[in-house]
A.B. asks: 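This is the structure, below, for whatever I ask next.
For clarity, every value in this text was computed on a predicted model and none was experimentally measured. Order of listing sets the numbers, starting from 1, for every ligand and every atom in it.
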Amino acid sequence: MSDRPALPLSRPRATRPRRAIWVVVILAVLALALILASLPRIERLYLRQAGAEDAATLRLATQVLRGALERTQALPALIADRAILQQLLAEPDNDGIVPFTNELLRQSALSLDVSDIYVLDTEGRTIAASNYRTEHSFVGESFAYRPYFTDAMGAGLGRFHALGTTSGQRGYFFASPVIDDTRIVGVVVVKLRLDAFEETWAASDATIMVTDINNVIFLSDRTDWHFRTTAPMGPRVLANITATRQYPVSMLSPLGLEVERLDPDLGFGLELAHVGDESFVSQTALIAAPGWRVTILTPTGPAIQRAWTAGLLLALMVVMVGLVAATMLGRRARLIERLAAEQSLASLLEARVAERTGELKAEVEERRATEARLRKTQAELVQAGKLAALGQMSAALSHEFNQPLAAVKSYAENARTFLDRGRSDEARSNIERISGLADRMASISKHLRNFARRPGDKTGPVPLKPVIDDALELMAARLRGVDVVYPPPEAEVWARGGRVRLQQVVVNLLGNALDAMERLEHPRIEITLSGGETPQIAVRDIGPGLSEEALAQAFDPFFTTKEPGQGLGLGLSISYNIVGDFGGRLSAENHPEGGALFCVTLEAAASGTPELAAE
Ligand code: ADP
């Protein structure tokens, strides 16, 4: 048992779950790194989306602007056709026509929803104007320096945009010549105010700006950007602006706009623009006629913020999924481990049970074999014990026979002598003695024959008095000089058993008693025979009694305290089994007054035929 492996009470705990958790942690870190690495992509995605959202705003702003310009473009030619203008220009100092024309122009400007309409003479001086009533009246002002005047005077249609020198308002000017017959007598100018568009643009988060062909920001909802330049300006351009008084030159300063043009990821028409520390998604549309570029600048801030939020959410999700996966993997691994442990424990127990069962089976087999061997040995020993006893008795009997034979011989010789001398009485007496001795020897030989016969297994009613008498007879030689106290009961006592085997038991008990009292001067044996339900033969001696060891083992085969050659240690063992075979019991104890007391307790039997039970 001791060489068996101990049950695995402690096991290497949670190695697999820990590994699984590490795998998940590494995966989560990798996923986070991936998200971080792809953050610029996510940013661009959101920037593109923001740009796309503002594309419509740009389209609308451009269309409105273009529409307004197209609508206004035809007006000066229509107005120039009016006859009153030819009259006015023919008589510029006419007190009747001038105020009339002024009022007419004012009415027209109101109904056409344009800022100003005015008439210039061939010198570029304002003869009549719709704003004649206002503080900034153009009447009397000269606009000969404006390109629209020279263009109208030469080519027919003049167009120009500029900051109004008188009004301080940014406007678009369309001009047409007034023709009298084939002569150009003057010019009609229609001014469209552009400031108003900016107000609608201000509502959007995005910035809209309109730059002209010289890269000057002409319109923008960010007023601080007005007249800033988006690209360096050549000296000729600057000189031209100065000459035409298009913009106040002092306000022309670079905006510091930088555009990342080569960013294919941002999508078609979209660019990244930076002004100072501000960044925008930029997209541009063209208005061909004035050569304007309308640009919408969407701030990148919100888009980037959204990109980061998305990235963060994604990261959070990855971490959450990782955590859930780690927990689940951990749980699963622990479960598997526990199941494995339970299984191995179960199989270990099973193996142990099987092993133990095998051992028990082997043990049972061995016990059975031992028992069978024991039975066989016992049977052999019973016979061997009897043979041993026989041997002992033979020795005793040869002694018994030798002594009477010597006596017979001497009596016979004496008888012959007495007969020779004629003393027949003495001779007869000797012969009678010889006869007595012969009887005695015959009696001994009869017992011996009884004893030596192998007893059968049969049991039957046995009278106990003859059994004791026979035993005493057999032991007579050794009992000489021993005080045998045996008061036989009056009535015969019948018990179940075998006569010779019981006699063998009693002979053995008597022999042991004699051995025990070997050194006593006055040995005594008390024999008691009692009847009743449980007939009993008790043999008591006055020897030293049974030692502790003998009390415990006297009935064990080969237990003896006698010298080698004197005892085999089989007598009591055989007797015990014999009495047991009869359904009785042989017990040993020390008599309270000293000496050993052996009791043969038997089952009572109805009186039967002694011959039947004689074996
Ligand atoms: P054996 O007589 O050959 O020794 P037994 O089986 O008859 O074998 O006796 C076993 C032992 O029991 C004896 O050796 C002795 O020690 C003890 N014993 C038996 N009878 C007595 C007795 N009457 N008094 C003391 N000891 C006895």
A.B. asks: Would you mind writing out the side-chain donor-acceptor pairs for residues 309-328 within the sub-3.5 Å range, not counting sequence neighbours?
C.D. replies:
unit_1, atom_1, unit_2, atom_2, d
T309, OG1, Q305, O, 2.6
T327, OG1, L323, O, 2.6

A.B. asks: Test R352 against E355 for salt bridge (charged side-chain N to carboxylate O under 4.0 Å, His left out), laying out the working first.
C.D. replies: CA-CA 5 Å; R352 234 172 241 190; E355 197 182 336; 5.5 Å; no
A.B. asks: Considering only residues two or more places apart or on different chains, which pairs with a residue in residues 522-535 satisfy salt bridge (charged side-chain N to carboxylate O under 4.0 Å, His left out)?
C.D. replies: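 Listed once each, the pairs are R524-E526, E526-R540.
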A.B. asks: Any atom of ligand 1 sitting under 4.0 Å from a heavy atom of F598?
C.D. replies: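 The answer is yes, since F598 has a heavy atom less than 4.0 Å from ligand 1.
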A.B. asks: Quick one: which ligand 1 atoms are inside 4.0 Å of a heavy atom on A596?
C.D. replies: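 Contacts of ligand 1 toward A596, numbered from 1: 22 (C), 23 (N), 24 (N).
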A.B. asks: Check whether any side-chain heavy atom of H522 sits under 4.5 Å from a side-chain heavy atom of I542, and report yes or no.
C.D. replies: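 Sidechains of I542 and H522: no contact.
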A.B. asks: For residues K562 and D515, report the shortest heavy-atom separation together with the two atoms involved.
C.D. replies: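 Heavy atoms only, the tightest pair is NZ-OD2, 2.9 Å.
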A.B. asks: Counting only heavy atoms not in E258, do more than 12 fall under 6.0 Å of its CD?
C.D. replies: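 For E258, atom CD is not crowded (no more than 12 foreign heavy atoms under 6.0 Å).
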A.B. asks: Is it the case that ligand 1 has an N or O less than 3.5 angstrom from some N or O of T560?
C.D. replies: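 Looking only at distances, the answer is yes, because the N/O contact criterion of under 3.5 Å is met.
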A.B. asks: For ligand 1, which is the ligand I care about here, please tell me if T561 has any N or O atom under 3.5 Å from one of the ligand's N or O atoms.
C.D. replies: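 Yes, T561 has an N/O under 3.5 Å of an N/O on ligand 1.
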A.B. asks: Using only atom types and a distance under 3.5 Å, with no angle test, would you say the side chain of E492 pairs donor to acceptor with the backbone of L464?
C.D. replies: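 Yes, because the side chain of E492 sits within donor-acceptor range (under 3.5 Å) of the backbone of L464.
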A.B. asks: Is there a heavy atom in G511 that sits closer than 4.0 Å to ligand 1?
C.D. replies: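 No, that is not the case, since the closest heavy atom of the residue is not under 4.0 Å from the ligand.
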A.B. asks: Taking only heavy atoms of D541, which atoms of ligand 1 are found under 4.0 Å from at least one of them?
C.D. replies: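 Listed by number with element, the hits are 22 (C), 23 (N), 24 (N).
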A.B. asks: Which atoms of ligand 1 are found less than 4.0 Å from any heavy atom of L572?
C.D. replies: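 Reading through ligand 1 atom by atom, the close ones are 5 (P), 6 (O), 7 (O), 9 (O), 12 (O), 19 (C).
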A.B. asks: List every atom of ligand 1 that sits less than 4.0 Å from any heavy atom of F559, numbering the atoms from 1 in the order shown and giving each element.
C.D. replies: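 Going through ligand 1 atom by atom, the ones under 4.0 Å from F559 are 10 (C), 11 (C).
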A.B. asks: Quick one: which of I525, N512, D556 has a heavy atom closest to atom 20 (N) of ligand 1?
C.D. replies: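 Nearest option to atom 20 (N) of ligand 1, by heavy atoms: N512.
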A.B. asks: Give the numbers and elements of all ligand 1 atoms closer than 4.0 Å to a heavy atom of L546.
C.D. replies: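 This gives 18 (N), 26 (N), 27 (C) as the contact atoms.
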A.B. asks: Is the backbone N or O of Q343 less than 3.5 Å from a side-chain atom of S347, with the two atoms forming a donor-acceptor pair by type?
C.D. replies: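 Yes: the side chain of S347 pairs with the backbone of Q343.
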A.B. asks: Can you tell me which portion of N508 lies within the under-4.0 Å heavy-atom range of ligand 1? Options are side chain, backbone, both, or neither.
C.D. replies: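 Side chain only.
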A.B. asks: Which of the atoms in ligand 1, numbered in the order shown and given with their element, are less than 4.0 Å from a heavy-atom of G545?
C.D. replies: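 So the answer, numbered in order with elements, is 25 (C).
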